[in-house]
Amino acid sequence: FDMFVLAFIERFFRPIYKKDDVVLGKKLGEGSFGSVYRVSLARKPSSMPADLVLKKATEYGAVEIWMNERVRRACANSCADFLYGFRETSSKKGAEYWLLWRFEGEATLADLMQSREFPYNVESLILREVQDMPKGLDRENRIILTIMRQLLFALDGLHSTGIVHRDIKPQNIIFSEGSRAFKIIDLGAAADLRVGINYIPKEFLLDPRYAAPEQYIMSTQTPSAPSAPVATALSPVLWQLNLPDRFDIYSVGLIFLQMAFPGLRSDNSLIQFNRQLKRCDYDLVSWRQSVEPRAGPELRKGFELLDLDGGIGWELLTSMVRFKARQRISAKTALAHPYFDREGLLALSFIQ
Ligand code: ADP
Ligand code: MG
């Protein structure tokens with residue numbers, strides 16, 4: 001109940017914007033469910049950021065507004081700052097939903113990973129002290145580890161709120177220049193299980209490059225698309241039974257893999273990897289056995305990086321990319337993994 005009162009008060013005091021207040025800038029993205037622009041406001045109150053992002057969405061936008069409102073109240077640091085969403089009816093195409101966020105920065109993780117300099121191009125963005133350490137695996141591992149910690153932290157926020165993102169990929173991770181951290185964007189395919197919004201959009205919404213092998217995150221008995229938020233006391237139970245959050249963990253595991261293996265960063269090589277992994281029944285260890293003997297330098301480099309410190313990185317990767325959802329590690333447990341604790345891991349290798 002409190003949440004709805006809070007939502008009402010927030011909505012009441014927040015300035016209301018209309019279509020005419022928005023000055024369109026560069027187009028940032030175009031999908032089958034909407035277009036995204038960089039925009040500014042014609043009459044900008046001092047409390048509003050100058051640089052904004054606008055998404056003009058189809059009917060799916062209603063769910064996306066719901067998700068963003070909820071994120072802002074429950075785990076604001078996980079996602080891009082959401083400012084306002086409204087229904088726009090004057091369009092000739094019929095009703096649209098317009099969503100406004102703070103413009104967080106120029107680069108997504110996909111943009112940064114495309115550079116030959118990756119991960120060094122991220123180092124000065126997220127690490128306070130850039131060490132005199134020579135370039136090499138240890139230094140790369142430290143940067144990748146920091147990115148992974150930020151991704152898992154953001155994901156843990158969403159999952160603790162009861163939201164599964166379902167479209168985690170480098171294109172949906174923005175580097176926030178203000179927070180000097182990566183944040184999640186694009187809640188267009190997300191599901192909120194605790195309040196009964198578990199709308200399952202068309203399957204083709206899921207990006208096959210990063211999707212876990214399970215097609216549906218919930219059993220087929222799960223009700224679909226309630227038109228209004230309906231509280232269901234059963235949701236936490238369903239969550240425990242189905243572990244839908246592990247769908248995102250698989251995707252973030254694939255991002256970890258791509259960061260470690262330069263040769264798997266392109267779309268084509270990721271698609272090829274997915275085929276190979278499927279042939280190995282989604283068992284990373286047998287995939288490794290099949291490719292390592294004839295691995296080129298780029299693959300070898302990835303294994304070397306993950307094998308540092310007694311293979312603690314490889315251990316984390318294999319606990320994320322698994323066929324069975326319930327065998328995958330949760331975001332919260334992953335954050336406590338010894339991979340992220342270099343002191344603890346020194347002690348560990350000492351014991352071994
Ligand atoms: P789509 O449904 O088209 O995938 P997204 O929400 O992923 O929509 O946004 C498309 C692109 O717009 C992103 O990949 C990113 O480059 C950019 N973008 C989205 N939100 C922001 C933001 N808050 N700040 C900066 N850029 C953003
Ligand atoms: Mg997107």
Side-chain angles (χ1 to χ4, degrees), residues 17 22-41 48-72 75-86 88 93 96-115 121-122 125 150-151 154-155 157-158 163-191 199 201-211 247-248 251-252 254-255 258 265 267 270:
Y17 295 96
V22 177
V23 184
L24 285 192
K26 188 182 162 215
K27 192 178 241 184
L28 299 174
E30 167 95 79
S32 28
F33 302 98
S35 326
V36 179
Y37 304 83
R38 191 168 172 169
V39 301
S40 54
L41 291 175
M48 286 284 279
D51 253 344
L52 306 176
V53 166
L54 166 73
K55 183 182 271 190
K56 294 185 188 179
T58 61
E59 70 266 32
Y60 293 101
V63 178
E64 199 172 345
I65 291 175
W66 161 267
M67 298 294 164
N68 277 280
E69 295 268 5
R70 192 148 149 66
V71 162
R72 181 179 44 209
C75 55
N77 296 328
S78 289
C79 297
D81 270 4
F82 180 65
L83 300 164
Y84 187 57
F86 55 97
E88 171 46 51
K93 287 171 265 166
E96 285 181 328
Y97 290 90
W98 285 29
L99 295 86
L100 287 166
W101 293 267
R102 176 192 301 277
F103 178 82
E104 296 279 1
E106 301 278 349
T108 63
L109 182 57
D111 300 325
L112 292 162
M113 277 170 63
Q114 252 164 35
S115 159
N121 59 344
V122 177
L125 301 178
Q150 291 187 354
L151 298 187
L155 211 50
L158 279 185
I163 296 175
V164 189
H165 187 281
R166 297 195 295 183
D167 198 14
I168 293 291
K169 55 184 177 184
Q171 293 79 2
N172 284 340
I173 293 161
I174 189 87
F175 180 73
S176 167
E177 289 163 12
S179 315
R180 293 172 66 99
F182 287 98
K183 292 182 171 184
I184 295 168
I185 55 173
D186 200 353
L187 295 164
Y199 184 79
K202 303 255 178 303
E203 255 171 80
F204 59 81
L205 238 176
L206 302 179
D207 191 317
R209 292 168 303 174
Y210 293 91
F247 189 89
D248 291 342
S251 311
V252 93
L254 289 190
I255 298 178
Q258 287 191 296
R265 286 184 199 150
D267 276 351
L270 181 61

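For ligands, and for the atoms within them, numbers begin at 1 and follow the listed sequence.
A salt bridge links D267 with R209: the closest approach of a Lys/Arg side-chain nitrogen to an acidic carboxylate oxygen falls below 4.0 angstrom. Ionic pairing of K27 and E30 is present here: one or more N-O contacts between side-chain nitrogen and carboxylate oxygen are shorter than 4.0 angstrom. In summary, E64 and K55 engage in a salt bridge, as defined by a charged side-chain N under 4.0 Å from a carboxylate O. In summary, D81 and R72 do not engage in a salt bridge, as defined by a charged side-chain N under 4.0 Å from a carboxylate O.
Among all non-hydrogen protein atoms, the one lying nearest atom 20 (N) of ligand 1 is V53 CG1, 3.8 Å. Of all protein heavy atoms, the one closest to atom 26 (N) of ligand 1 is I174 CD1, 3.4 Å. With hydrogens left out, the protein atom closest to atom 19 (C) of ligand 1 is I185 CD1, 3.6 Å, a heavy atom. Among all protein heavy atoms, the one lying closest to atom 25 (C) of ligand 1 is G105 O, 3.4 Å. Atom 14 (O) of ligand 1 has Q171 O, 3.1 Å as its closest protein atom, hydrogens excluded (heavy atom only). The nearest protein atom to atom 4 (O) of ligand 1, hydrogens excluded, is given as D186 OD2, 2.9 Å; this is a heavy-atom distance. Here the heavy atom of the protein found nearest to atom 10 (C) of ligand 1 is V36 CG2, 3.8 Å. In terms of protein heavy-atom proximity, atom 2 (O) of ligand 1 is closest to K55 NZ, 3.2 Å.
For the atom pair OG (S115) and CZ (R265), the distance works out to 9.0 Å, reported to the nearest 0.5 Å. Within the model, atoms CG of L83 and CG of L99 stand 10.5 Å from one another, a figure rounded to the nearest 0.5 Å. Rounding to the nearest 0.5 Å gives a distance of 9.5 Å between CD1 of I184 and CG of N172.
Side-chain atoms of R102 do not come within 3.5 Å of backbone N or O of L52 as any donor-acceptor pair. Looking at D111, its side chain does come within 3.5 Å of a backbone N or O of T108 through a donor-acceptor pair. Under a 3.5 Å cut-off, the side chain of H165 and the backbone N or O of F247 do not form any donor-acceptor pair.
Of all the heavy atoms of E104, the ones lying under 4.0 Å from any atom of ligand 1 are found in both the backbone and the side chain. At a heavy-atom cutoff of 4.0 Å, ligand 1 is contacted by no atom of D81, backbone or side chain. Contact annotation: for R102 versus ligand 1, heavy atoms closer than 4.0 Å belong to the backbone alone.
Both cation-pi conditions hold for R38 and F103: the charged atom is under 6.0 angstrom from the six-membered ring centre and inside a 45 degree cone around its axis.
At a cut-off of 2.8 Å, D186 is counted among the residues with an N, O or S atom near the Mg ion (ligand 2). Distances from the Mg ion (ligand 2) show that Q171 has no N/O/S atom below 2.8 Å.
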Worksheet item: Would S251 and D248 count as a side chain to side chain donor-acceptor pair (under 3.5 Å) if you check the C-alpha gap in whole Å, the side-chain angles of each, and the deciding distance to 0.1 Å?
Response: CA-CA 5 Å; S251 311; D248 291 342; 5.2 Å; no

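Closest heavy-atom approach to atom 15 (C) of ligand 1 within the set D111, L28, T108, I184: this belongs to T108.
Heavy-atom proximity to N172, at under 4.0 Å, picks out these atoms of ligand 1: 7 (O). Near F103, with a cut-off below 4.0 Å to any heavy atom, the atoms of ligand 1 are 24 (N), 25 (C). Within ligand 1, counting atoms from 1 as listed, the ones closer than 4.0 Å to a heavy atom of W101 are 23 (N). In summary, the atoms of ligand 1 found under 4.0 Å from a heavy atom of A80, numbered by their order in the structure, are 23 (N).
Residue E64 has no nitrogen or oxygen atom sitting less than 3.5 Å from a nitrogen or oxygen atom of ligand 1, judged on distance alone.
Not a single heavy atom of G188 sits closer than 4.0 Å to an atom of ligand 1.
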